[in-house]
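Remarks on the structure that follows.
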Amino acid sequence: GDDDDSFSYISRFVRAVGRYQRSVGALDFSASLSAGADDVQLNVDGDGIVRRNIPFGLRADVTRRGEHGWIAAGLDLEATRHRFSLGNDLPPGAMMDSAIRADTLWSSNAALWVESLWRQGPLTVKPGLRGEYYALADQFVLDPRLTVLQDLGDGITLSQAVGLYHQPPSVVDLDPAFGNQDLDASSAWHAAVGIDVPVGKPTNPVVTVSATGFYRDMNDLAVDVVSGATPIAAGGSGQSGGVGGISRELSEEQFGSYSMRDNVGAGKSYGLELMAKKSTGAWRGWLSYTYGRSLRRGDPARALGWEPYVL
């Protein structure tokens, strides 16, 4: 084969976190600062993608404990310096033999949240609300969430949870050379129902068996809205292949797509998780099995229906 045929993948990171905690009466306060560095590289036959990020974070929260539970509120701040470069062959007929793109961008997110836990008899209710601003997308999102637990006696517990979650677009999806600067965050409704059953005495079970069914409905997913045969999409379209297409299959979150995308995709996933947990003194172990199925739908204008999603 060709001496240039090669494939290499490098992923490394480092994190440092400092945390402060203090309690005054019924109030608990905590704050943490974090900083780090990420280095992710993919090289295929001399072409490649390199992403080097430096993330910073601040999280502060205060909790007030009460007779029947607690209420908490907090602030999350994130800022990241993104440095990325892309080198890739373009398809035949393009004006250039290869594309090289490099840039440095800053992204930031800011969130305020509140949640509480209330117990009354066998019932436990945990509502929450999170509001977050994504600076790159210039978008504010609001995520309500709720968890309910019922103690049925003999150590048996039922649980139900539902919540809305948002994810901002990748910084490379907003790149002015390859991407769509009008992308918004994607959203997903999560729902789960579960049961925990102790085997043996409830106070000292031999093992605890749990089963959880889950469903997720995803909307406004960023998907390709141009053909993989066009030069601008050649680096990242799943139809065009190339280093960008490979990187998407490996880790879209790490590398991005480097293609023209829009918030017209959808997805859904569902499944069942079975777990057995055992604690003996200082030792704790578990065995679990999950059956899951995930489907995705691309650009409706291209008549793409629901297809299995592997990753």
Side-chain angles (χ1 to χ4, degrees), residues 38 40 42 49-51 53 55 78 80 82-86 88 99 101 103-111 130 132-143 163-190 216-269 294-311:
D38 303 326
V40 183
L42 174 68
I49 296 175
V50 177
R51 291 191 67 183
N53 302 333
E78 298 177 352
T80 304
H82 302 269
R83 174 66 182 173
F84 59 90
S85 63
L86 164 70
N88 191 34
R101 170 67 175 159
D103 203 356
T104 300
L105 296 173
W106 280 87
S107 68
S108 60
N109 304 322
R130 181 182 179 92
E132 189 159 10
Y133 176 72
Y134 303 131
L136 275 181
D138 191 20
Q139 181 184 12
F140 177 80
V141 298
L142 199 61
D143 294 340
L164 178 62
Y165 296 80
H166 281 85
Q167 180 173 337
S170 169
V171 64
V172 292
D173 286 339
L174 297 169
D175 179 73
F178 290 96
N180 176 9
Q181 293 185 288
D182 293 326
L183 277 180
D184 290 330
S186 58
S187 64
W189 280 100
H190 293 227
R216 183 170 60 161
D217 181 61
M218 295 162 278
N219 295 283
D220 300 322
L221 299 180
V223 297
D224 286 350
V225 290
V226 293
S227 168
T230 58
I232 195 66
S237 169
Q239 291 78 22
S240 66
V243 64
I246 297 172
S247 73
R248 178 181 298 183
E249 293 301 317
L250 283 174
S251 180
E252 183 175 292
E253 180 65 22
Q254 290 180 314
F255 291 107
S257 60
Y258 296 94
S259 62
M260 185 63 180
R261 314 180 85 190
D262 205 352
N263 296 108
V264 294
K268 55 187 176 182
S269 61
S294 183
L295 303 171
R296 293 290 177 91
R297 185 179 63 200
D299 182 9
R302 298 166 63 185
L304 298 176
W306 291 102
E307 297 180 352
Y309 185 70
V310 178
L311 298 179

> What's the shortest heavy-atom distance between Asp262 and Leu183, and which atoms?
Replying inline: CA-CD2, 3.7 Å
>> For the CZ atom of Arg297 and the CG atom of Asn219, what is their distance to the nearest 0.5 Å?
In response: 8.5 Å
>> When you compare the side chain of His166 with that of Asp143, does any pair of heavy atoms fall below 4.5 Å?
In response: yes
>> To the closest 0.5 Å, what do you measure between CG (Leu105) and CG (Leu136)?
In response: 7.0 Å
> Hey, are the side chains of Pro300 and Val264 touching, using non-hydrogen atoms and a 4.5 Å cut-off?
Replying inline: yes
> Between Gly267 and Leu221, what is the shortest heavy-atom contact and its length?
Replying inline: N-CD1, 3.8 Å
> CG of Asn53 to CZ of Arg83: how many Å apart, nearest 0.5 Å?
Replying inline: 11.5 Å
> Does some side-chain heavy atom of Val141 sit less than 4.5 Å from a side-chain heavy atom of Tyr133?
Replying inline: no
> Taking all non-hydrogen atoms of both residues, which atom of Ala111 and which atom of Arg130 are closest, and how far apart?
Replying inline: CB-NH2, 3.4 Å
> Can you find a pair of side-chain heavy atoms, one from Tyr165 and one from Arg216, that are under 4.5 Å apart?
Replying inline: no
>> What's the separation between atom CG in Asp217 and atom NZ in Lys268, rounded to the nearest 0.5 Å?
In response: 8.5 Å
> Nearest heavy-atom pair of Pro168 and Ala185: which atoms, and what distance?
Replying inline: CA-CB, 4.0 Å
>> So, taking the atom named CG in Asp220 and the one named OG in Ser187, what distance separates them when rounded to the nearest 0.5 Å?
In response: 5.0 Å
>> Restricting to non-hydrogen atoms, name the atom on Tyr134 and the atom on Asn109 that form the minimum distance, rounded to 0.1 Å.
In response: CD2-OD1, 3.3 Å
> To the nearest 0.5 Å, how far apart are CD in Gln167 and CE in Met218?
Replying inline: 11.0 Å
